[in-house]
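Values below: all heavy atoms of this structure, side chains included; hydrogens, waters and symmetry mates excluded.
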Amino acid sequence: MKEISEKILSLNNFDYPETLAVQIESEAEKMHKAGWFFSHSTTDELMENIVLFFEREVL
């Protein structure tokens, strides 16, 4: 069985794509250190947020 977690990042808070990339990488590293693995990402319909999906096995 898998457990799923989401992290939502607002796309409105970033002036440069590099800043957004650093934030995404930082969130992914934090989650990985906690035992989570990146699954996929998506944006909402208005392109205001990016949602990062993580999962891990539940024992």
Side-chain angles (χ1 to χ4, degrees):
M1 179 178 246
K2 292 184 180 183
E3 183 177 10
I4 297 172
S5 180
E6 301 174 0
K7 293 290 182 178
I8 300 172
L9 301 174
S10 174
L11 294 174
N12 296 326
N13 295 336
F14 300 100
D15 295 329
Y16 302 100
E18 299 85 12
T19 307
L20 176 59
V22 168
Q23 184 64 32
I24 291 171
E25 183 178 25
S26 174
E27 287 296 328
E29 285 178 358
K30 282 191 253 182
M31 293 296 285
H32 185 72
K33 287 179 183 176
W36 294 89
F37 294 94
F38 177 76
S39 170
H40 64 282
S41 63
T42 188
T43 58
D44 62 8
E45 290 182 12
L46 297 176
M47 299 287 290
E48 293 178 344
N49 299 298
I50 186 168
V51 183
L52 307 175
F53 293 89
F54 297 88
E55 57 185 44
R56 66 180 173 186
E57 291 293 324
V58 178
L59 303 175

If two hydrophobic side chains count as joined below 4.5 Å and joins carry through other members, does Phe53 share a cluster with Ile8? yes
Do Leu9 and Phe54 belong to the same hydrophobic cluster, where Ile, Leu, Val, Met, Phe, Trp and Tyr are linked whenever their side-chain heavy atoms lie under 4.5 Å apart, directly or via other members? yes
Nearest-0.5 Å distance, CE of residue Met1 to CD of residue Glu55: 13.0 Å
Pair listing, side chain to side chain donor-acceptor pair (under 3.5 Å) test, anchored in residues 35-48, at least two apart: Asp44-Asn49
Common cluster, Leu52/Met31, ILVMFWY with side-chain heavy-atom separation under 4.5 Å: yes
Heavy-atom pair with the smallest gap, counting every atom of Leu11 and Met47: CD1-O, 3.5 Å
Do the side chains of Lys2 and Arg56 get nearer than 4.5 Å, heavy atoms only? no
Exactly one of Glu29, Gln23, Glu25 should register a side-chain contact (heavy atoms from CB on, under 4.5 Å) with Glu27. Which one does? Gln23
